[in-house]
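Since this is a predicted model, take the numbers as computed values, not measurements. Whatever order the structure lists ligands and atoms in, that order sets their numbers, starting from 1.
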Amino acid sequence: MAGSEWYKEMAVYQIWPRSFCDGNGDGIGDLWGVLQKLDYIKSLGVDAIWFSPLYPSPNADFGYDISDYKDIHPDYGNLEVFRQVLDGAHQRGLRVFMDLVVNHTSDEHRWFQESRKGPSSPYYDYYFWRQGRVSGGRRQPPNNWTSLFEGGAWEYDEGMDEYYLHLFARKQPDLNMDNPQVREEVKQIMRFWLDMGVDGFREDVITFISKAPGLPNAYPKLPAANGLRYYSNRPAVYDYLREFKRDVLDYYDCFTVGESPMTTPEIALRYVAEGPDKVLDEMIAFSHMEADCLMTDMVQRPFNLVKMKKAFSEWQLKLQGKAWNALYIENHDHPRVISRYGSEEYPTESGKMLAAMYMLQRGTPFIYQGQEIGMLNLRLPSIGMYQDVMTQNAARIASRILPRSQVLKLVQKASRDSARSPMQWTDEKNAGFSEATPWFFVNENYKQINVQAQDKDPDSLLNFYRTLLKFRKEQPVALYGDYREYRPKDKHFYVYERSYKGKRLLVICAFGSDALRFDAPEGIELNSGTLVLSNYDMNFVIANGFTSRPYELRVYLFSR
Ligand code: GLC
Ligand code: CA
């Protein structure tokens with residue numbers, strides 16, 4: 001935040017620690033495992049690691065319910081081994097970002113335990129405690145908002161005879177950021193990690209941290225996310241972020257990226273537009289992840305390429321020259337991308353195409369563990385085997401209208417758990433993730449899909465990621481070029497161009513396995529360029545075009 005712009009050239013590797021690598025043989029991924037894999041991470045050609053939460057947590061939401069912000073979960077290690085990871089990363093030129101989850105804490109956090117003692121507790125006002133309403137002789141919650149994970153947004157507390165607000169799970173009470181003391185706590189958390197040497201934060205649902213005064217009822221009452229407009233992107237979010245920047249971040253050479261569900265590029269620009277008013281370096285968009293669903297992965301639709309392209313182009317163009325994008329197609333909150341936007345029949349081809357498709361856009365690429373080897377969705381045989389609180393909640397709601405077999409299919413397609421199965425390192429026992437029985441199911445395809453096998457194979461997806469990351473780094477046009485899309489309505493090809501200082505990069509991505517003719521856009525002579533990346537051999541050009549092979553990718557560089 002201190003003015004330098006190294007973040008524009010970096011690529012980030014995301015670790016979801018529980019499933020990355022088990023170093024001490026208890027079946028749970030941990031920081032000892034990360035230590036063993038630092039060379040591997042470096043070998044990818046990335047520049048930084050973002051750790052999903054490593055803090056103590058009762059794991060109601062696997063780490064996103066934090067019970068102590070200044071320590072490490074004993075499952076993952078301790079502060080000492082964290083410091084070793086940090087040093088090891090820094091020695092290799094890798095920066096380290098922490099997940100900052102301050103919209104809510106765990107209900108097992110000391111602040112919440114104290115706040116539960118009543119209005120005289122200094123922590124009472126750290127959360128949203130409110131009396132219920134009585135209507136028709138029955139106790140009702142203070143307003144009609146719904147939580148994003150579990151029923152209503154309010155939980156009644158017997159001892160207090162009051163309700164507390166939770167926008168996510170019951171065990172994730174929302175912090176009251178309007179309370180200046182809470183903001184001081186956040187600043188202390190930031191300083192704690194920055195002083196240790198951490199290089200920045202991914203800020204969890206940061207656009208939800210301010211709630212409308214009076215917490216009004218929301219009408220018309222929506223079946224899901226009711227109340228959203230009273231807790232999303234409220235004006236004070238900006239003020240609080242500016243305060244964090246002024247009091248903390250400006251004193252460090254660090255990076256921040258905010259997570260912002262349902263945010264438009266116009267709204268994002270409030271926070272990330274370059275200049276003195278910028279309060280975050282980047283914002284995590286969601287709309288491109290909705291090309292096969294409505295608002296949430298749990299409302300499935302057939303994949304719609306035009307919708308996906310529109311979302312990418314909108315963010316590219318609206319931020320162009322004004323702000324920097326965060327680019328991703330996978331993280332711990334979505335099923336695996338090859339299973340969604342690509343094809344399990346053509347995992348390597350579609351995996352390579354998808355990688356180039358998003359990483360050659362303008363912005364900072366994020367790569368989620370396992371994405372680089374093309375890990376696919378898990379398909380567990382029963383709903384009960386899924387662990388994620390959001391999945392279980394969605395399954396409960398879906399069961400009201402769908403037969404059980406359909407609900408299972410939905411869960412198999414859409415669950416976040418699909419991205420949370422243990423990392424597939426080798427074809428040995430437990431995919432080389434652990435000596436002991438892993439905490440969660442290993443995908444049965446680990447004998448085919450694993451790091452060890454792909455490392456040796458020059459044509460593997462893993463080695464393509466390495467090539468691609470190196471290419472992006474070495475080509476200013478890939479880093480800084482302007483973005484322009486061709487044929488936005490085309491239902492088979494995604495075609496875009498980047499241009500910078502006389503150089504042009506043309507990215508051609510075929511979605512689907514149909515053999516369809518591609519004709520170069522007007523004014524572009526494919527044979528006058530160099531084919532710099534592709535996912536097939538023998539890339540002939542016939543009459544300034546070609547007929548696409550399944551999920552074909554071609555990237556041409558023009559230097560005139
Ligand atoms: C973010 C996280 C997600 C978590 C939620 C609540 O969306 O990425 O994993 O469940 O916030 O903290
Ligand atoms: Ca372990």
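The distance from ligand 1 to the heavy atoms of Arg416 drops below 4.0 Å at these ligand atoms: 3 (C), 4 (C), 9 (O), 10 (O). Near Glu259, with a cut-off below 4.0 Å to any heavy atom, the atoms of ligand 1 are 1 (C), 7 (O), 8 (O), 11 (O). Of all the atoms in ligand 1, the ones that sit under 4.0 Å from a non-hydrogen atom of Asp61 are 4 (C), 5 (C), 6 (C), 10 (O), 12 (O). Under a 4.0 Å criterion applied to the non-hydrogen atoms of Arg202, ligand 1 contributes the atoms 2 (C), 8 (O). Those atoms of ligand 1 with a heavy atom of His104 less than 4.0 angstrom away are 6 (C), 12 (O). Less than 4.0 angstrom separates some heavy atom of His332 from each of these atoms of ligand 1: 2 (C), 3 (C), 8 (O), 9 (O). When each atom of ligand 1 is checked for a heavy atom of Phe149 under 4.0 Å away, the hits are 10 (O).
Protein heavy atom in closest approach to atom 2 (C) of ligand 1: Asp204 OD1, 3.0 Å. Protein heavy atom in closest approach to atom 8 (O) of ligand 1: Asp333 OD2, 2.5 Å.
Considering Glu155, Glu108, Glu150 in turn, Glu108 is the only one that fulfils the salt bridge (charged side-chain N to carboxylate O under 4.0 Å, His left out) rule with Lys171.
Between Tyr328 and His288, the gap from one ring centroid to the other is short of 6.0 Å. A ring-centre distance under 6.0 Å is found for His73 and Tyr76. Between Trp425 and Phe20, the distance from one ring center to the other falls under 6.0 angstrom.
A cation-pi arrangement is absent between Arg170 and Trp154 under the rule of less than 6.0 angstrom and at most 45 degrees off the ring axis. In this structure, Arg18 forms a cation-pi arrangement with Trp439, its terminal cationic atom sitting closer than 6.0 Å to the ring centre and no more than 45° off the ring axis. The cationic atom of Lys70 (NZ for Lys, CZ for Arg) does not lie both less than 6.0 Å from the six-membered ring centre of Trp193 and within 45° of the ring axis.
Contacts between Met390 and ligand 1, counted as non-hydrogen atom pairs separated by less than 4.0 Å, are absent for every part of the residue. Heavy atoms of Phe62 found under 4.0 angstrom from ligand 1: none, in either backbone or side chain. Within the 4.0 Å heavy-atom criterion, neither part of Glu203 lies near ligand 1.
Rounded to 10 degrees, the OD1-metal-OD1 angle spanning Asp26 and Asn24 at the Ca ion (ligand 2) equals 90°. Angle O(Ile28) to the Ca ion (ligand 2) to OD1(Asp22), rounded to 10°: 80°.
Classification of the Phe112-Tyr127 ring pair by plane angle, with boundaries at 30° and 60°, yields perpendicular. Between Phe97 and Phe255, the angle of the ring planes lies from 30° to 60°, which puts this pair in the tilted group.
The nearest N/O/S atom of Asp30 to the Ca ion (ligand 2) is OD2.
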Applying side chain to side chain contact (heavy atoms under 4.5 Å, CB included) to Gln36 and Val34, what does each step give before you reach the verdict? CA-CA 5 Å; Gln36 297 169 21; Val34 173; over 6 Å; no

